[in-house]
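Everything below concerns the one structure shown next.
Residue numbers start from 1 in every chain, and the chains themselves are labelled A, B, ... in the order their sequence lines are given, proteins ahead of strands. Excluded from the calculations below are hydrogen atoms, water molecules and symmetry mates; all remaining heavy atoms, backbone and side chain alike, are included.
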Amino acid sequence: MDSEAGAAAPAASSDFIREMVAEDLRAGKHGGRVHTRFPPEPNGYLHIGHAKAICLNFGVAADFSGLCNLRFDDTNPAREDIEYVESIEADVRWLGFDWERRMFYASDYFELIYGYAEQLIRDGKAYVDSLTADEIREYRGTLTEPGRNSPYRERAVEESLDLLRRMRNGEFPDGAHVLRAKIDMASPNMNMRDPTLYRIRHAAHHRTGDAWRIYPTYDYAHPISDALEGITHSICTLEFEDHRPLYDWCVDNLRVAASEFKSKPQQIEFARLNLSFTIMSKRKLLALVEQKLVTGWDDPRMPTIAGLRRRGYTPEAIRDFCARIGVAKKENVIDMALLEHTVREDLNKRAPRAMAVLRPVTVVIENYPEDRVEEVEAVNNPEDASAGTRKLPFSRTLFIEREDFMETPPKKFFRLAPGTEVRLRYAYILKCERVIKDASGTITELRCTYDPDSLNGPTATRRVKGTIHWVSAAHAADAELRLYDRLFQSADPGEGGQDPLTDLNPDSLDRVTGAKLELALAAAAPGSRFQFERQGYFCVDPDSRQGKPVFNRTVTLKDSWAKITARGAQTTP
RNA sequence: UGGGAGGUCGUUCAACGGUAGGACACCACGCUCUGGACGUGGUUAUCGGGGUUCGAAUCCCUGCCUCCCAGCCA
């Protein structure tokens, strides 16, 4: 879709992780190698928060001439699906990253992971527990009280081994037994109180089918997967900080026996991305989709990569955003305005301009000949001379933006009003003579005159303050425009334990059906992006049909007039 | 009140014992046939209290606040 060739080299930004990696290299750690991985669970679509992790993992690898794997953390068959692995692949690729041939699944290692479990039992470092889930919880103690050993903790090695094999054979129902690491039930770190390594799940796995009845937990499978792939720096989010001792426990207790381990990976944690006015919880995003509160994972209002793509965001803008937000250990909430700024900046340079009238009102130019049509020349992109120019038909009957006319204009309203003049972009100066309304008082038509000597060009010496966009009525295409606003009403939708789904913005989608576009736009391919002058950036939606184009508004242009009027509304009682 | 991790402009990232800086946001002004873009200028910060030091955002002590952990989720 978007070529990566010539992508601007990111400003050599550094952060505490890159500093750690550089230090490791200096110290000769990991034999001078840098190898990271992006490890999503295929249980949902990727979102902008994942983009931060993707840019970090692939970026660190690239910065140090290392490699980054794509690995699916597919240890929980109940929630995972092939649809998600496919969408994840597509999204990472679209963002501009390449894992070459290194796409793996934790499930690739199930046999090895299982073997290590038997090894742990033989070493007296794991045991099969036959307590119920409730009992295990009771025995675990609380944050302030130590837990107690399970009565099965000292079970004979042979008995645990036999039980684990029979678990694997499917001889027991879900929940009957679990394999636990034998660490320390009195540890102040809850994760070290004999964590579960394997659980019974009679569920079909999207890759291994029904080959397995037991599945390893994340805490157990993840460090092993990292070590097997030769990962040197295992970057994850803050909530796993407490898991690091367990991560190290798994690696350290298996290293000697596991000849397949290619590295002693180290886990490094950073703060996940939070964005104002949206949510990053995959569970909640799934709920939005399942409850049909949005049209799907790629609804342009969603913070998913698929949603942003459909909305019109570019991979370059998202990567730039990720570079600008930085990487640290402090919890953060990034202002949505920054994301919007990065698309505007990117699209301003690249998007061809076009004339589109969102909510048209008819203008009849009384002193312009009935059947005359002339062509005026318009610049395709003032930021890019190589984009050239195009011809626009001009005639007696036009559409202009209803918003660009006011019967009783306030101060500093530089647009059209009775008796005032405005420039029609790339064409003539227009003067409003009369307003025509229907019985209900709605304006149906503006009767105007134009100044024949004011055509855009070297001969045009007169200047007026305002310039508005327009489209010739006889040469316009109809279109549906989808104008999006934030999906949630509050800056922090989950705040105070509230369900974010009760905080949806009822006006997050405004479908405008009678928009009038310059003709060429009707034929634009889905995914094409334009700047509709004075309105914003728009992108052709895949819902477009022959003769029925649909555009998504990616983001509005910055609008200082709107700012002035909003301010006025606030200060006027 | 167990353990772990954090507190620097409104937001975010930086400053690694030596002038607290950038970006976004905001405010002014300029420029403009997009009230866009662009240009110029500006407001605003080291959680509190002690200490060490010629010098502390940075080191030490102490207090306060926030986040994470009691899944057979990741």
Taking 4.0 Å as the cut-off, does a side-chain nitrogen or oxygen of A:Lys465 come that near to OP1 or OP2 on B:U32?
no
OP1, OP2 of B:G35 versus side-chain N and O of A:Arg415: anything below 4.0 Å?
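No, no such contact exists.
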Determine, for nucleotides 23-29 of chain B in 5'-to-3' order, which nucleotides have protein heavy atoms under 4.0 Å from the base (write B), from only the sugar-phosphate (write S), or from neither (write -).
SSSSSS-
Do nucleotides 67-74 of chain B as a string where each nucleotide becomes B, S or -: B if the base has a protein heavy atom under 4.0 Å, S if just the sugar-phosphate does, - if no protein is that close.
SBBBSBBB
Convert the base pairs of RNA chain B into dot-bracket notation, remembering that pairs crossing earlier ones are written with [ ] and that bases paired across to another strand are shown as |; include only Watson-Crick or G-U pairs under 3.5 Å.
.((((((..((((....[..)))).(((((.......)))))....(((((..]....))))))))))).....
For atom [atom1] of [X] and atom [atom2] of [N], their distance in whole Å:
{"X": "A:Glu269", "N": "B:G3", "atom1": "CD", "atom2": "C1'", "value": "14 Å"}
{"X": "A:Met406", "N": "B:G35", "atom1": "CE", "atom2": "P", "value": "16 Å"}
{"X": "A:Asn332", "N": "B:A14", "atom1": "CG", "atom2": "P", "value": "11 Å"}
{"X": "A:Asn380", "N": "B:A37", "atom1": "CG", "atom2": "P", "value": "20 Å"}
{"X": "A:Asp559", "N": "B:G35", "atom1": "CG", "atom2": "P", "value": "9 Å"}

Applying salt bridge (charged side-chain N to carboxylate O under 4.0 Å, His left out), name anything that partners [X], two or more places apart in sequence or on another chain.
{"X": "A:Arg168", "answer": "A:Glu111"}
{"X": "A:Glu421", "answer": "A:Arg462"}
{"X": "A:Asp15", "answer": "A:Arg18"}
{"X": "A:Arg180", "answer": "A:Asp129"}

With sequence neighbours excluded, what pairs up with [X] under the ring pair (Phe, Tyr, Trp, His ring centres under 6.0 Å) test?
{"X": "A:Phe394", "value": "A:Tyr368, A:Tyr428, A:Trp470"}
{"X": "A:Phe321", "value": "none"}
{"X": "A:Tyr139", "value": "none"}

Tell me whether A:Arg207 forms a cation-pi arrangement with A:Tyr105, defined as NZ or CZ under 6.0 Å from the six-membered ring centre and within 45 degrees of its axis.
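The answer is yes; both the distance and angle limits are met.
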Stacked cation flag A:Arg486 on A:Phe277, 6.0 angstrom / 45 deg:
yes
Contacts of type side-chain hydrogen bond (donor to acceptor under 3.5 Å, both in side chains), residue A:Arg166, not counting sequence neighbours:
A:Asp162, A:Glu171
Heavy-atom nearest nucleotide on RNA chain B for A:Glu241 versus A:Leu424: which residue maps closer to 5'?
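Closer to the 5' end of RNA chain B: A:Glu241.
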Judged by nearest nucleotide, the residue sitting upstream toward the 5' end of RNA chain B, A:Lys329 or A:Ala271, is A:Lys329
If we take the [atom1] atom in both [N] and [M], what is their distance in whole Å?
{"N": "B:C9", "M": "B:A14", "atom1": "P", "value": "13 Å"}
{"N": "B:G22", "M": "B:G42", "atom1": "P", "value": "10 Å"}
{"N": "B:U32", "M": "B:U19", "atom1": "C1'", "value": "38 Å"}

Proximity of A:His469 and A:Phe532 rings by center, below 6.0 Å:
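That pair fails the under 6.0 Å test.
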Summary of salt bridge (charged side-chain N to carboxylate O under 4.0 Å, His left out) pairs that have at least one residue in residues 184-200 of chain A, sequence neighbours excluded:
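Sorted result for residues 184-200 of chain A: A:Arg153-A:Asp194.
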Could you check if the base of B:G50 is syn or anti? Syn means the glycosidic torsion is within 90 degrees of 0.
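B:G50: anti.
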